[in-house]
2 protein chains.
Amino acid sequence: MTPTLAQPPLEDASKERLRLWLRLLKTTRGIEAKLRENFRAEFDTTLPRFDVMAALSRYEDGLKMSEISGVLRVSNGNVTGIVDRLADDGLLVRVPVPGDRRAHRVCMTRKGREEFARQAAAHEAWIADMLGQFSAEDARTLTTEFNLPEEANDR
Amino acid sequence: MTPTLAQPPLEDASKERLRLWLRLLKTTRGIEAKLRENFRAEFDTTLPRFDVMAALSRYEDGLKMSEISGVLRVSNGNVTGIVDRLADDGLLVRVPVPGDRRAHRVCMTRKGREEFARQAAAHEAWIADMLGQFSAEDARTLTTEFNLPEEANDR
DNA sequence: CATATAAACTTTAAGCATAAAATATTTTTA
DNA sequence: TAAAAATATTTTATGCTTAAAGTTTATATG
């Protein structure tokens with residue numbers, strides 16, 4: 001006879017994978033909501049703005065508009081508005097690309113770099129707190145496990 | 001002397017947790033993008049619309065507007081527009097609540113239930129495919145591991 | 001060289017999301 | 001019971017997001 005289990009019996013993999021997806025979604029959305037709230041309260045900014053700044057911070061010479069959308073995997077038109085607003089705030093500038101009058105290189109200003117440094121430090125601390133249940137080793141293991149193929153989408 | 005490692009040495013937990021977060025974000029966004037694309041191509045609908053239908057499908061007697069936003073953890077005003085459009089399409093109806101003229105109960109129509117059944121089956125198959133690298137046992141283990149406290153937010 | 005194609009970017013239309021304010025109704029309280 | 005507080009929902013303002021169409025500039029092709 002089937003013994004009573006602490007957990008319900010394993011259903012087919014399809015159901016368990018669906019459960020995992022719903023859990024991942026709930027967890028990441030919860031963390032994103034907290035980040036959004038913190039960014040608003042502490043820095044009067046948003047997650048998409050931070051994402052653009054973070055992308056730029058990794059490239060000393062800035063990025064072209066299309067490179068930003070490529071790195072962040074968002075649509076082209078999306079980046080236009082976010083960069084507009086960051087530029088209005090003096091955190092970055094559009095620099096014409098010599099020899100190609102279609103393109104612009106987006107670079108952080110000094111003010112942008114300083115502001116981003118503060119935001120990045122806070123961001124890392126918030127994440128470390130929210131994922132505090134994972135040891136460094138656990139985190140590394142899970143990072144590897146969640147490296148899905150996702151149609152081999154690097155660059 | 002420190003031996004050469006297959007992976008870089010463990011940095012402090014903070015950095016490893018940040019890496020895990022970035023990986024989770026990349027993975028869930030990738031899956032969400034694929035789902036959005038599939039929902040659009042196969043059913044001419046969106047993920048938020050599916051989420052509302054999924055919430056309603058679990059309650060025979062429907063849900064009030066505020067209950068939908070509570071279950072889905074989205075803002076009140078957000079649900080108004082999504083329900084408006086689903087109602088326009090005849091997939092659900094707003095039913096007045098007897099004895100409280102402020103409130104409405106949102107219920108799926110027969111058409112809505114039939115459409116949702118098709119969508120849910122496809123959704124489960126898409127997820128099972130994208131998370132195919134996880135066995136049923138792995139999926140269950142990970143689902144448990146990602147049950148973050150997140151300020152004990154159930155209902 | 002003229003034109004066609006491609007590339008870089010912006011604009012538009014529609015929908016999703018939040019926070020905050022507004023409206024209507026119900027319940028509590030003085 | 002009248003005024004105040006709470007509840008249920010919608011509306012408004014702002015920003016993010018995509019897909020698709022449009023503009024300008026660059027490159028390829030006849």
Side-chain angles (χ1 to χ4, degrees), chain A residues 25 28-30 32-41 43-53 55 62-89 91-106, chain B residues 25 28-30 32-41 43-53 55 62-89 91-106:
Chain A
L25 209 48
T28 56
R29 283 181 178 175
E32 280 195 277
K34 194 74 181 172
L35 289 179
R36 187 173 355 92
E37 188 183 322
N38 288 349
F39 270 125
R40 198 171 88 94
F43 297 105
D44 190 28
T45 192
T46 65
L47 205 39
R49 285 166 59 106
F50 177 76
D51 288 343
V52 168
M53 303 269 280
L63 291 170
K64 291 196 294 179
M65 292 298 286
S66 51
E67 291 174 331
I68 297 177
S69 44
V71 167
L72 299 182
R73 297 175 195 289
V74 297
S75 65
N76 249 330
N78 187 4
V79 176
T80 298
I82 299 173
V83 166
D84 282 349
R85 285 180 285 274
L86 287 171
D88 287 345
D89 293 346
L91 298 170
L92 45 80
V93 286
R94 281 181 170 91
V95 180
V97 171
D100 189 342
R101 289 188 297 173
R102 297 168 302 179
H104 288 272
R105 190 160 292 279
V106 181
Chain B
L25 210 48
T28 56
R29 283 181 178 174
E32 280 194 276
K34 195 73 181 171
L35 288 179
R36 186 175 355 94
E37 188 182 324
N38 287 350
F39 270 124
R40 197 170 90 94
F43 297 104
D44 190 27
T45 191
T46 66
L47 206 37
R49 285 166 60 107
F50 177 75
D51 288 343
V52 167
M53 303 269 278
L63 290 170
K64 291 195 295 180
M65 292 298 287
S66 50
E67 292 175 330
I68 297 176
S69 43
V71 167
L72 299 181
R73 296 176 195 289
V74 299
S75 66
N76 250 330
N78 187 5
V79 176
T80 298
I82 299 173
V83 167
D84 282 349
R85 287 180 285 273
L86 288 170
D88 287 346
D89 293 346
L91 299 170
L92 45 79
V93 286
R94 280 182 171 91
V95 180
V97 171
D100 189 342
R101 289 189 297 174
R102 297 167 303 181
H104 288 271
R105 190 161 291 279
V106 181

Between the protein and nucleotides 2-5 of chain C, which nitrogen or oxygen pairs come in under 3.5 angstrom?
none

Inset, instruction - Using a 4.0 Å heavy-atom cut-off, write out nucleotides 1-6 of chain D from 5' to 3' as B (base contacted by protein), S (sugar-phosphate only) or - (no contact). - result: ------
Inset, instruction - Please round to 10 degrees the angle between the axis of the first five pairs and the axis of the last five pairs in the helix from C/dC1-D/dG30 to C/dA30-D/dT1. - result: 10°
Inset, instruction - Starting from P on D/dT7, measure out to NE2 on B/His104 and report it in whole angstrom. - result: 19 Å
Inset, instruction - Would you classify B/Ser75 as touching base, sugar-phosphate or nothing, given that sugar-phosphate means primed atoms plus P, OP1 and OP2, and contacts are heavy atoms under 4.0 Å? - result: base
Legend entry - Distance below 4.0 Å between B/Thr46 side-chain N/O and C/dC16 OP1 or OP2: yes
Inset, instruction - Please report, rounded to the nearest Å, how far the P atom of D/dT10 is from the CD1 atom of B/Ile82. - result: 12 Å
Legend entry - Length of the CG-C1' vector between A/Asp44 and D/dT14, whole Å: 12 Å
Inset, instruction - Answer with base, sugar-phosphate or nothing: what part of the nucleic acid does B/Arg94 contact at a heavy-atom distance below 4.0 Å? - result: sugar-phosphate
Inset, instruction - Sort out for me which residue in A/Asp84, A/Asn78, A/Val83 forms a side chain to side chain contact (heavy atoms under 4.5 Å, CB included) with A/Thr80. - result: A/Asp84
Legend entry - Separation of C/dT11 P from A/Met65 CE (nearest whole Å): 10 Å
Inset, instruction - Please identify each residue that fulfils salt bridge (charged side-chain N to carboxylate O under 4.0 Å, His left out) with A/Arg105, with sequence neighbours left out. - result: none
Legend entry - Partner set under salt bridge (charged side-chain N to carboxylate O under 4.0 Å, His left out) for B/Arg40, not counting sequence neighbours: none
Inset, instruction - Round to the nearest Å and state the distance from B/Asn76 atom CG to C/dA24 atom P. - result: 18 Å
Legend entry - Interatomic distance, A/Asp84 CG vs C/dT11 C1' [rounded to whole Å]: 11 Å
Inset, instruction - Have a look at A/Val74 and say if it touches a base, only the backbone sugar-phosphate, or nothing, with a 4.0 Å heavy-atom cut-off. - result: sugar-phosphate
Inset, instruction - Using a cut-off of strictly less than 4.0 Å, decide whether B/Asn78 has a side-chain nitrogen or oxygen near OP1 or OP2 of C/dT18. - result: yes
Legend entry - B/Arg73 CZ - C/dA17 P separation (whole Å): 15 Å
Legend entry - Residues that B/Arg101 engages under salt bridge (charged side-chain N to carboxylate O under 4.0 Å, His left out), provided they are two or more places apart: none
